[in-house]
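First comes the structure, then the notes that go with it.
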Amino acid sequence: MTVFRVGVHITPRRGLLDPQGKAVEGALHSLGFPGVSDVHVGRYVVIETRAADAGAAADSVRGMCERLLANPVTEDFEIETAAPT
Amino acid sequence: MANVNPRPGDPAITPVLVAEHGLTPGEYEKLVAMLGRMPTFTELGIVSALWSEHCSYKHSRNLLKTLPTTAPWVLQGPGENAGVISIGDGLAVAFKIESHNHPSAVDPYQGAATGVGGILRDVFTMGARPVAMLNSLRFGSLESARGRYLFGGVVKGIGDYGNCVGIPTVGGEIVFDDAYEGNPLVNAMCVGLMHKEDLIRAKAEGVGNPIIAVGARTGRDGIHGASFASEDLSEASDAKRPRVQVGDPFTEKLLLEASLELIRSGHIVAIQDMGAAGLTSSSAEMAERGDVGVTIDVACVPVREKGMTPYEILLSESQERMLVVAHRGRESEVRAILAKWDLAAAVIGEVIAEPVYRVTEGATVVAEFPGSRLVTDCPRYSPESREDPEVAALRAADVSGIAPLPDEIDPAWTLLTLLSSPTIASKAWAYRQYDSTVRTNTVVGPGGDAAVLRIRGTNKAIALKTDCNGRYTYLDPRVGGRIAVAEAARNVACTGARPLAITNCLNFGNPRRPEVFHQLKEAIAGIGEACIALSTPVTGGNVSLYNESPRGAVYPTPVIGMVGLIDSLEHITRSTFGTAGDSIVLIGDTGDELGGSEYLALVHGVVAGAPPACDLKRERAAIDALLDAIASGHVASAHDCSDGGLAVALAECCIGDQSNPTGLDVHLGDLGDVSPRGALFGESQGRFVVSSPAPASVMRVAERYGVPARVIGSVRPAEDGFHIKAGESELDSDVASLAAAYHAAIPALMSSERLWSNAARQPALVNA
Amino acid sequence: MKFGIVTFPGSNCDYDAYRAVVDSLGEAAVYLWHKNHDLQGSDVVILPGGFSYGDYLRAGAIARFSPVMHEVAEHARRGGPVLGICNGFQIACEAGLLPGALLRNESLRFVSAPIAVRVENANTLFTSGYADGQRIVLPIAHGDGRFTADDATLDEIEGSGRIVFRYVDDAGEATAAGNPNGSSRNIAGIINDGGNVIGMMPHPERALDRLLGSDDGLALFESMLARVAA
């Protein structure tokens, strides 16, 4: 077993109202970044987990996302490649 | 005494290091004399924290001693975590106010949140369940991005913390003035309820009793926050950001429940928050109160990070930690209660017979002080005091000759200007972010003259308020101190409550400047006079000095937190008019007192003149008369007349309750020597606006107390409009315009952004 | 009748719910500690408001894994009444007892105020004491109250009369002006298809006494009492 570090991006599901993203977008416009559009704010979770290999680590984290880390009604998640620590 | 040697890696004790720890050469000599040797780095850190202004009150203690602190209903006066008063039926109220000004200037969200957390712990460590929070806040202008950032962040921090713990935030005050631009004031007051027999004091007792650290682990956050709070704010303060602690209200909620359970279990002797200066001050103060020795092993303290030194562990201000002295042999019972709430506990020391304060790291002694001298030897200062001649000249200025602006030809313009100024306007934008109804006791929430909470199981209620007018205190500190107490008492009385006691939070500048020390001395004298006259002793509080920025000191701001008692739920009185047709009675005399007024500051940009006179005998008589009239059932509503004068008070009575706006028709009659604008916008003290279906009865009661009172008009339906005739001057407005000005002002100012750029966080923007 | 009030470590309206049942209803109530697998014979389970586990991840996300929630789900499956208020609504959604999710208020600010809601379905276990279309005033106090679900789910719950309460304006209409948090279709409360699990953001347990501003919540508790006791 090796310890892997796995990052997960959790973002509001596309199409859902994202008031935080809208607020950031508005603030960036007012700070002089007129080209900005479609901003979304999510969470980035870093997990260290023991697993046989990188694939198993990612599978395990997928289970964590499905059960706890992301709300399937409102959130999407994307798992980064697991790297041994 | 044990042998104490420097720890490997400790920096050498040099004059520079001593100065960096905020000790004067004289204080350092005192320390060396106390120890009979050079201090170690750890010892220097301990003393630096305990002798900081924040922990030691070294510049204010001699003055505070002059305040009245006793009454038959005071169960615990100053010197404990919170004051406690009896309210009958075997019940008591614990309450205290505290500042978190400097942390809030650096990070408004966390600064305000941890301020709420700290004052909550001060109250529940007395054995009381917190039932209400109030906040007294002062900011610079909302026209600046930084002002909005600080206001928005502080409000969110207060809300997020109190809402999560589940303590209703029910009131307070918010003032906006350029005097606070560089140094906002964030004072939080907590009020708790307890059975008298659950009162516990933070006094270490019983040789051999274990000392237990409870709650969150100790990290490197907030090291030297206490000495940070004792410095002027400078641009360098922003580089000190790590000194600000992060709050965890969820852990606080667990600590609250566990602490109350521990206190009721009888397994513990004493409990204290590890607040400013953390483990150091909590352990030293508990030992000093009990007149016992203690020994603490820092190696046993649960830490969040590896490699923490004794210095760091002792001075960390990690939040949500408590220090408990348990009865010997009850450790496992204590642990079981904490485990129920998922809290860790570690025995880190014990009460000893030897009169020393000793810190070890395993077997090695790293700090040791003789007896309680660590606390008692702290220097006390009574520095030079001298009024700033410029302020004396401002006060002496005759402001009655200031020419009205052309717009003032219509006094409705002036009234609308006042109602839409953020200091007077509705603060609903802020308090809608506070859960004010959790625990289902809130009868009158934020927005009333004072908050009112019913006391379950009785027919009683308590009324709570914070007050201060910094501009008055600047112009005349003694009168300002008196008025702060009197206004708080009037606000409490308007709800039908007899004022009982106060806690105070004294926000001043650098006391080593003679003009600041003069303000402190005079304001405390004024507070003392008013407390005696109104029978409201001081039960504790907090002193926050060094509230200065490159722009100078804040207005001297002695905030008063007042608690009053309503004997019968039937007497609870609201501030807004209820019924068209009721007569409007003005209790108290109106002089031509525009000095220090909101009107002069806002409309003319003038801060000058003598603040209104505060005759304490008349204040007392007016309060007694009002309470008598309320108790005899003649009063439909009562409202204190303060910022903005009579016209603003009358408007607030009409538009304060958005669901039931009313109009009015008022004739002030012969004004005598008083100018129309003085009658409308002057801030004469000792006045109440009362509505009543039986005005003759109200006036009879007032007469009995020798208090002037007269019918000035009547409440009308909102569609009849708002009319005041003051001498030759007529003020006419529709009610909706007044309401719009009052309710929309702050939301309009705060709508421009929902997020703040990093630029807004920089104090450099202060001058923008 | 016995009400079981679930106490998570960060619950802070459990006491209010307890007082509501005992003082205002005169019925029995017990606190159900989240670590226990025992409903102590409760007829009705209340998931009260608060911040169950600090709610740092998502409101209610961790609470649903509490031991007691297993029993609450069983109780609901058997048709036992469950009342989720505020954080309890969030937990019920996270636990799959109710459809949808509750997200951060559209304003990004916590909102605490008395608010008007309209009874959309007075033919439920929890609302039979109201009239259809009745406008009542209840306090809200939440940061994450924006009810969200996909359109198909919204259509389904709306079509089957499972929207129980909607936020309304002064005129009693479900407009944006009356919507305090940006909830889809102004939804303030919904019920499951079995009709025994209700979730609502407003606090009926804080509206039982005119002294505190409103007693419009009383009918909700009395409805339960009438139907469950019958």
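Everything numeric here is computed off the predicted structure, so don't read it as measured data. All heavy atoms count here, side chains included; hydrogens, waters and symmetry mates do not. So that the names make sense, note that chain A is the first sequence line, chain B the second, and so on, each numbered from 1.
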Min side-chain heavy-atom separation C:L218-C:S24 under 4.5 Å: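 Yes - at least one pair of side-chain heavy atoms lies under 4.5 Å apart.
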
Among B:D248, B:L254, B:V246, side chain to side chain contact (heavy atoms under 4.5 Å, CB included) partner for B:E320: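 Answer after filtering B:D248, B:L254, B:V246: B:D248.
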
Name of the residue among B:L134, B:I167, B:V123 meeting side chain to side chain contact (heavy atoms under 4.5 Å, CB included) with B:V191: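 Testing each of B:L134, B:I167, B:V123 against B:V191, the sole residue satisfying side chain to side chain contact (heavy atoms under 4.5 Å, CB included) is B:L134.
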
C:E120 with C:R166: basic N within carboxylate O range, under 4.0 Å: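 C:R166 and C:E120: salt-bridged.
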
Salt-bridge contact C:R206-B:D435 (side-chain N to carboxylate O under 4.0 Å):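 Judged by the 4.0 Å cut-off on N to carboxylate O distance, C:R206 and B:D435 do form a salt bridge.
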
Classify the side-chain pair [X]/[Y] by whether it contains a donor and acceptor separated by less than 3.5 Å.
X      : Y      : answer
C:S183 : C:N181 : yes
C:Y130 : C:D216 : no
B:D89  : B:T458 : no

Under 4.5 Å from a heavy atom of chain C, the part of B:T437 involved: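 Both backbone and side chain.
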
Under 4.5 Å from a heavy atom of chain B, the part of C:P9 involved: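 When you check distances to chain B, atoms from both the backbone and side chain of C:P9 fall under 4.5 Å.
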
Engaged part of C:D170 at the chain B interface, taking heavy atoms whose separation is under 4.5 Å: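 The answer is neither part of C:D170.
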
Heavy-atom neighbours of C:R58 CZ exceed 12 at 6.0 Å: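 Yes, the 6.0 Å shell around CZ holds more than 12 heavy atoms from other groups.
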
Ring centers of C:W33, C:F8 separated by less than 6.0 Å: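 Between C:W33 and C:F8, the centre distance exceeds or equals 6.0 Å.
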
For chain C, which residues of residues 447-457 of chain B have heavy atoms nearer than 4.5 angstrom: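 If one takes a 4.5 Å heavy-atom cut-off, the residues of residues 447-457 of chain B near chain C are B:R454, B:R456.
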
Neighbourhood of chain B inside residues 43-57 of chain C, taking heavy atoms under 4.5 Å as contact: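 Against chain B, the residues of residues 43-57 of chain C that fall inside the cut-off (heavy atoms, under 4.5 Å) are C:F51, C:S52, C:Y53, C:G54, C:Y56.
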
Minimal non-hydrogen separation, B:V438 against C:C13, with atom names: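 So the two residues come closest at CG2-SG, 4.1 Å.
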
Which of C:A20, C:A141, C:S112, C:A113 touches chain B most, by non-hydrogen pairs under 4.5 Å: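 Heavy-atom pair counts peak at C:S112.
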
